[in-house]
Amino acid sequence: MPEVPSPPARRPAGGCLTAQAALLGVLAAIAPSAAVFAQSAAPAPVEQQVQSLKSDVLDLNRDLFVLEQELLYPANTQVAVFVAMDAGTFFSLDSVQLKIDGKEVADYLYTPREVHALVQGGVQRLYVGNLKAGKHELVAFFTGKGPHDRDYTRGATLDFQKSIGAKYLELTITDDQSKLQPRFRIQDWE
Amino acid sequence: MRGQRQRAALLGLLAIVWVLPALAGRSRALPGAPAPDFVLRAFTGPNVRLSEHIGQVVVISFWGPGCDGCRAQLRALQRDFDRDRARGLRVYGVEVADDQEAALRFARAMHVTFPLLRDPAKSVARLYDVDNLPMTVLIDRDGKIRRVVRDFTATSRRACEDELRTLLAQ
């Protein structure tokens, strides 16, 4: 009697079942939101429901953002670089290029509105990434218009030690009133 | 064997989750889709970031220095800009050129009052899938692409004007 091969149709069914299970998982994830919509037909005014829903979505979005940041940039490897500007009389910022250990990690072009926000006291997170513990070098190039509306490019360098725990660095542009020139600094937030 | 099939099914699912959205992302410059954001330097004047113009009707015209249609297109857009600037119309010409000197000469010769933007890396042209010049993208006040016109003819010009009227009235 010839050997009866195991029915081939059953095996693909296993694969299909896997896919179906995954699809059901996706549908199960979507279902609660559909239920929310179904419940929203209840007595509360539509506008109130919409506002409530918007608020929920914003909260969810914020939580997801925090979760994403924690996953992408764990505290023990995180390095963040911020930009701040004090005054800005002698320098009109156009762009900042950032290199860490010789590798370009950010090249940001500023619009007048963004520069205005910085001059008003805003602080921009220019870069966030991961670095292993040890010694590193940060180089920042600032381009823009300097005194007398001349093209102006300056660099600033900082050697820093990354240990366990997040590292925060700040690029600061200030006015040097004594020299009538802009001053560029990199600060290490201990 | 069973494991392989399961792996194949899993890969298929991953393809649905990751590859299809990626493919969908390729056709970003489609009517109804959010206009991809960008920031560029202008030939003269300040840098421009598209997302700062939510609430205004924005026209982006891609041009090249050796393109006669682009010249006509930019002149037509200058008329639109003069007429409808106060109603919230913003026009930006984005260069698509290999020769930056030629692009600069062209920009200087055009004498338009709206910003002409430099894109030496052609990053914005790639973002908007520019495959013909001139190419014009009309963006509504919500930042969504409403029309993409890939030529400059009397018919396309009329269609552009009609669409602009509708967008500015919203």
For [X], does the [atom1] atom sit with more than 12 other heavy atoms under 6.0 Å from it, leaving out its own atoms?
X        : atom1 : result
A:Lys145 : NZ    : yes
B:Arg108 : CZ    : no
A:Glu47  : CD    : no

Correct closest heavy-atom pair for A:Glu114 and B:Glu52 would be CG-OE2, 3.8 Å

Discussion item. For the backbone of A:Leu109 and the side chain of B:Arg41, can you confirm whether one donor and one acceptor N or O come within less than 3.5 Å of each other?
Written reply: no

When you look at A:Asp94 and B:Asn47, which way does the side-chain contact (heavy atoms from CB on, under 4.5 Å) test go after all the steps? CA-CA 8 Å; A:Asp94 176 73; B:Asn47 302 331; 2.9 Å; yes

Honestly, the part of A:Tyr110 sitting under 4.5 Å from a heavy atom of chain B is backbone

The interface call for B:Val39 against chain A, heavy-atom contacts under 4.5 Å, is both

Worksheet item: For the hydrophobic clusters of this structure (ILVMFWY residues joined by side-chain heavy atoms under 4.5 Å, transitively), does one cluster hold both A:Val105 and A:Leu131?
Response: yes

In this structure, would B:Val130 and B:Tyr92 fall into the same cluster of hydrophobic residues linked by side-chain contacts under 4.5 Å? yes

